[in-house]
Amino acid sequence: MRKNIVAGNWKMNKTFSEGSELVKEIINLLNNNDKIKLKDQLHIIIAPPFILLQKSAELVKDNKQVSIAAQNCYTEEKGAYTGEISIAMIKSTGADYVIIGHSERRAYFKETNDMLAKKVDVALKNQLLPIFCCGESLEIRQAKNHFEWIKKQIHESLFHLNENDFKKLIIAYEPIWAIGTGITATSQQAQEIHAYIRSLIKEKYGDDIAENTTILYGGSCNPGNAKELFANPDVDGGLIGGASLKANDFIQIINTYL
Ligand code: PGA
């Protein structure tokens, strides 16, 4: 059975002390919630800025349901790339996951499908698990090219992987028009794309892998709409931005699974 995952992407928010406090708050709320602990299939991921990875990994280490993710990594393993962070550096902090291809990285930092394929490879080679993001802009949706667009993103960045590596991925669908805008995809729009992504995986890797791939929804998911979104058969949780910055909101979204 595939996992349900609620992942919080803090983006460029929280200083070291603010972020440490937020992780402590989240962990306290989780540790005091026996119902969440009983949900074996439920997993929680926190993706703070790089400076908080090590501290966050230390704070969550006794809770097996919680893992830490980096928000990005570089394509190369080491060398003269001033300001970049390598996968080995991320791994050394105790993080287990890395978000690759977030729409903000694609838009503001011009990350291409080819570059993201390299990031996926370098992450897997170093035993860090990718949370791979894909999704369309409003213009692409309005032109009705969203299915083709997502297919191309997935084909060019992921479909070179062998089965064994593909199985390690989490995929996140992010309708760019719903990110940070307060607009959410309707439950039907989310389900339609998630089912489509799963059908692409099925075509390439077969039923078993498709059924076991966790596909998260990202885009203004909050305590008010999480239940409806997560109730869809192909939506396996969320990649939460703004609402993951408040411990209570984040926990309420997690509680959707109880
Ligand atoms: P948001 O971000 O929840 O703030 O819209 C979601 C995302 O970036 O995936």
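Quick caveat: nothing in here was measured; it's all calculated off a predicted structure. Start at 1 and go down the list; that is how both ligands and their atoms are numbered.
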Compile the donor-acceptor pairs under 3.5 Å between side chains in residues 73-83 and protein atoms, sequence neighbours left out, one pair per line.
unit_1	atom_1	unit_2	atom_2	d
E77	OE1	N126	ND2	3.4
E77	OE2	K125	NZ	2.6

Indicate whether the side chain of N113 and that of H155 have a donor and an acceptor atom separated by less than 3.5 Å.
->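 No pair is found: no donor N or O on one side chain lies under 3.5 Å from an acceptor on the other.
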Hey, are E136 and W177 close enough side-chain-wise for a donor-acceptor pair under 3.5 Å?
->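 Distance-only check passes for W177 and E136.
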Who are the salt bridge (charged side-chain N to carboxylate O under 4.0 Å, His left out) partners of E156, not counting sequence neighbours?
->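 For E156 the salt bridge (charged side-chain N to carboxylate O under 4.0 Å, His left out) partners, ignoring immediate neighbours, are K152.
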Let me have the donor-acceptor pairs involving side chains of residues 240-255, under 3.5 Å, with sequence neighbours excluded, atom names and distances please.
unit_1	atom_1	unit_2	atom_2	d
S244	OG	I240	O	3.2
S244	OG	G241	O	2.7
N255	OD1	N33	ND2	3.3

Identify all N/O pairs between ligand 1 and the protein with a separation under 3.5 Å and present them as a table of atom names and distances.
unit_1	atom_1	unit_2	atom_2	d
ligand 1	2 (O)	K11	NZ	3.2
ligand 1	3 (O)	S220	N	3.3
ligand 1	3 (O)	G241	N	3.0
ligand 1	4 (O)	G242	N	2.9
ligand 1	5 (O)	G180	N	2.7
ligand 1	5 (O)	S220	N	2.8
ligand 1	8 (O)	K11	NZ	2.8
ligand 1	8 (O)	H102	NE2	2.6
ligand 1	9 (O)	E174	OE2	2.8

Drop me the distance from Y196's OH to H146's NE2, to the nearest 0.5 angstrom.
->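 That separation rounds to 10.0 Å.
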